[in-house]
There are 2 protein chains.
Amino acid sequence: MKEKLATPKSLKGAMMRGIRTTLLKLGSATKVELSETLGISFPTISKFLSEMESEGEILLAGLDDSSGGRRAKRYIYNPEYMLGLAIFLEKTETNYTIFNCVGESKEDGKAESVLMDSRLEALTRCIEGLLARFPKICSIAIGVPGSVDHGRVFYIPGYEQLQDFDLKGYYEDRFSVPVIVENDMNAAVLGFHHNGGMKEKQSLIYLYSGQNGPGAGIMVNGDIVRGRSFFSGEVSFVPLYDERNFREALEKEGESKKLQMAGEIEVDAVSRLVASFTAMINPHTIIFCKDEVEDAFLEKIAAASAAYIPSEHLPELIVSDWKKDYLFGLQHLGLNLMLS
Amino acid sequence: MKEKLATPKSLKGAMMRGIRTTLLKLGSATKVELSETLGISFPTISKFLSEMESEGEILLAGLDDSSGGRRAKRYIYNPEYMLGLAIFLEKTETNYTIFNCVGESKEDGKAESVLMDSRLEALTRCIEGLLARFPKICSIAIGVPGSVDHGRVFYIPGYEQLQDFDLKGYYEDRFSVPVIVENDMNAAVLGFHHNGGMKEKQSLIYLYSGQNGPGAGIMVNGDIVRGRSFFSGEVSFVPLYDERNFREALEKEGESKKLQMAGEIEVDAVSRLVASFTAMINPHTIIFCKDEVEDAFLEKIAAASAAYIPSEHLPELIVSDWKKDYLFGLQHLGLNLMLS
DNA sequence: ATCAATTATTAAAGAAGTTTAATAAGTCTT
DNA sequence: AAGACTTATTAAACTTCTTTAATAATTGAT
């Protein structure tokens, strides 16, 4: 029954967070700039800033050119003050990145797939080792190919050792570092959203054709859509034709499930899916994986879907680098955790 | 570039709002109860409460039974302190309700459809008259059968006098009362959501078959979905069959466009739509209009859609009173406006 | 009936951010 | 090079909410 109401106790944390994020967003700032963008009075900014400077969290970058009077001090956030760890677990391998607050990578690495391990020891030891070598790690973001509910891995076919396991709680207790766990496609759509210059509160669909058939990561109004039973984005099941759903339309007998996005059949199926999304949630953008489709394919889709929907309502179609977006999404989640 | 950060200046307003809403939600409360549910200290609650009591906004209901010590004073919100006006413009008529803070109707009324008027004078005079008779009206919520963007009527086929008109701005300037304008289906889905006991952040679809073909009001994670070009919910266009989209599947040659939801053709079309929604956004509930479908129809839909999607992921199917939900949604929007 | 125990309310002290005024540091002009 | 002007920073007074202590009202037991 607790209402979420801004109480002065929580103000300090909010202010620190505000200072951190605006300083990182702007790259550098003077006290006046911070005060104005945050709507907090100059003396308060001053107090927090000097405290954070003495902690080493903030650095003095130098003096501004004068605009007629005393030169203002310009501060930057110390990007090395905190580090984040992003790990993504895939079928065949496990990748990780150590990154600083401006998203620069400090170390990338690859390990045996921990999903093959029947227990979690491989992953645990991997994290343990990294934390020992980089004691400044202040957040861990883990991406998994399965459904996640508040840090608990909910449904992850093929990797039963993680099924119904509270990954977040387990590692937070173990390492005393905040942890966030997210589904791979959700992380990717988040990453794409926050990469492209912060056009707020968009609706996006990230389409992919994975090993287990096609799927989608869905964001509506800037929020990840998980659905009632974590089934959202399972577009395989959309009934597009009299006798076939999306997955059946793409599958050809005898061929591998890995799709080749090229032929007319695929074009029509995907354009119907695009039309369906448009008529239902009218997203801003639909994103395809760079390694799965060609630009020419997108043009065909755009033309074909216009047969179903007036073209002014159709989304922008874009190809993007899935792995980059995924990584960026995990970094973003980790950064959010760190800066709070 | 202004960040939204909790600053002490905005605290007073937030507290008043908190007191109002919890007092209305709980029906009545003591100072301690308010302090605990809001997380605000007792003396602060006390100060605001005595101020609001002297204004007449809050009433003393009496004393609690003693729990062993001094008896606590119990306060209630004065539901008559502020009134709200909800108007919904329909093709053939215009309905309005004056309601108080607990949602009780003070006066219901009906007028000629102002949409038939080539200008807005009929509506303006109607509001003017009501404001004169009920000076306590503190908010106006207007429902329109068209797309709305921040109070501006964006797309309203058939009523060109409202096309691209800033209804909210116009009446706020004219009457100095906060105004909110919302699309009819969006208001209905909002109303349904807030009626059923506040299970937070759900995803809902409100399906209807209006005069201009079927459509839907869509809520995802508790937010209304408007989409890139305000096209969301135009489910007519969903391509469900080889040769027909949803609307075409429902239309029979020579018959009126008003649907009869009964036959097998309709059952299959709607269950395909349900399946599509489930595979895309996996909503908690899909709501049908009570006067458009029978309970038996819902059972058929549930059975038929299970052919497309594993049934554990399917949404709950419900019939509801559209007009009630619509009205309740408008009231909710108006109340939100008043209590801030 | 009176006193101890319990609980609501009020009052005073403390903490934190804002506003306003004062001071320090630098620029530009003559 | 000195003084007037502009701007950043610091200091002090003020507002507001919280915490802690004190007081008032009520109940139950002796």
Side-chain angles (χ1 to χ4, degrees), chain A residues 2-23 26 28-55 58-76, chain B residues 2-23 26 28-55 58-76:
Chain A
K2 256 251 161 91
E3 296 272 315
K4 46 183 176 186
L5 197 53
T7 161
K9 277 176 291 184
S10 67
L11 265 179
K12 177 166 182 172
M15 287 181 177
M16 302 268 281
R17 184 191 165 82
I19 291 175
R20 286 194 260 257
T21 50
T22 50
L23 214 43
L26 300 177
S28 68
T30 65
K31 288 179 179 177
V32 172
E33 286 169 8
L34 281 172
S35 165
E36 279 172 0
T37 52
L38 285 168
I40 299 172
S41 71
F42 186 94
T44 303
I45 293 286
S46 211
K47 198 188 82 179
F48 280 104
L49 226 56
S50 64
E51 185 184 313
M52 288 162 91
E53 193 187 358
S54 72
E55 291 273 331
I58 280 174
L59 303 175
L60 181 60
L63 298 174
D64 268 20
D65 285 343
S66 169
S67 53
R70 174 169 172 178
R71 295 167 68 186
K73 290 177 185 166
R74 178 158 291 275
Y75 297 89
I76 57 170
Chain B
K2 240 200 179 136
E3 295 273 317
K4 45 181 177 187
L5 196 54
T7 161
K9 277 176 291 185
S10 68
L11 265 180
K12 177 166 181 173
M15 286 180 177
M16 302 268 280
R17 184 192 164 82
I19 291 175
R20 290 191 188 107
T21 50
T22 50
L23 214 42
L26 300 177
S28 68
T30 64
K31 289 180 179 176
V32 172
E33 285 168 8
L34 282 172
S35 165
E36 279 172 359
T37 51
L38 286 168
I40 300 173
S41 72
F42 187 95
T44 304
I45 294 285
S46 211
K47 199 190 80 180
F48 280 104
L49 226 54
S50 64
E51 186 184 314
M52 290 161 90
E53 194 187 359
S54 71
E55 292 272 333
I58 280 175
L59 304 175
L60 181 58
L63 298 176
D64 267 20
D65 286 343
S66 169
S67 52
R70 175 169 171 176
R71 295 168 68 190
K73 290 178 186 165
R74 178 158 291 275
Y75 297 88
I76 56 171

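The sequence lines fix the lettering, A, B, ..., with proteins before strands; numbering per chain opens at 1. Please read all numbers here as calculations on a predicted model, not as lab measurements.
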query = Can you list the residues that meet the salt bridge (Lys or Arg N to Asp or Glu O under 4.0 Å) rule with B:Arg20, with sequence neighbours excluded?
reply =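 For B:Arg20 the salt bridge (Lys or Arg N to Asp or Glu O under 4.0 Å) partners, ignoring immediate neighbours, are B:Glu57.
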By side-chain contact (heavy atoms from CB on, under 4.5 Å) - contacts of A:Glu53 (at least two apart) = A:Leu60, A:Tyr75
request  = Kindly write out the residues that satisfy side-chain contact (heavy atoms from CB on, under 4.5 Å) with A:Ser50, not counting sequence neighbours, or none if the list is empty.
outcome  = none
What is the distance, rounded to the nearest whole Å, between atom [atom1] of [X] and atom [atom2] of [N]?
X: B:Leu63; N: D:dT27; atom1: CG; atom2: C1'; value: 14 Å
X: A:Glu51; N: C:dA16; atom1: CD; atom2: C1'; value: 13 Å
X: A:Met16; N: C:dG17; atom1: CE; atom2: C1'; value: 16 Å
X: B:Phe48; N: D:dT18; atom1: CZ; atom2: C1'; value: 13 Å
X: B:Arg74; N: C:dA8; atom1: CZ; atom2: P; value: 11 Å
X: B:Leu60; N: C:dA8; atom1: CG; atom2: P; value: 15 Å
X: A:Lys47; N: C:dT18; atom1: NZ; atom2: P; value: 9 Å
X: B:Leu34; N: D:dT18; atom1: CG; atom2: P; value: 13 Å

message = Please confirm whether the shortest side-chain N or O distance from A:Lys12 to OP1 or OP2 of C:dA16 is below 4.0 Å.
response =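 A:Lys12 to C:dA16 OP1/OP2: no side-chain N or O under 4.0 Å.
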query = Taking OP1 and OP2 of D:dT18, is either one under 4.0 Å from a side-chain nitrogen or oxygen of B:Thr44?
reply = yes
ask   = Of the non-hydrogen atoms in B:Thr22 and B:Ile19, which two are nearest, and what is the gap between them?
value = OG1-O, 3.3 Å
Counterpart residues, side-chain hydrogen bond (donor to acceptor under 3.5 Å, both in side chains), relative to A:Ser35 (two or more places apart) =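 Result, side-chain hydrogen bond (donor to acceptor under 3.5 Å, both in side chains) vs A:Ser35: none returned.
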query = Can you name the residues that form a side-chain hydrogen bond (donor to acceptor under 3.5 Å, both in side chains) with B:Ser28, not counting sequence neighbours?
reply =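 For B:Ser28, the residues satisfying side-chain hydrogen bond (donor to acceptor under 3.5 Å, both in side chains) (neighbours in sequence not counted) are B:Arg74.
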So which protein nitrogen or oxygen atoms get under 3.5 Å of nucleotides 8-10 of chain D's nitrogens or oxygens?
residue : atom : partner : partner atom : Å
D:dT9   : OP1  : A:Lys73 : N            : 3.4

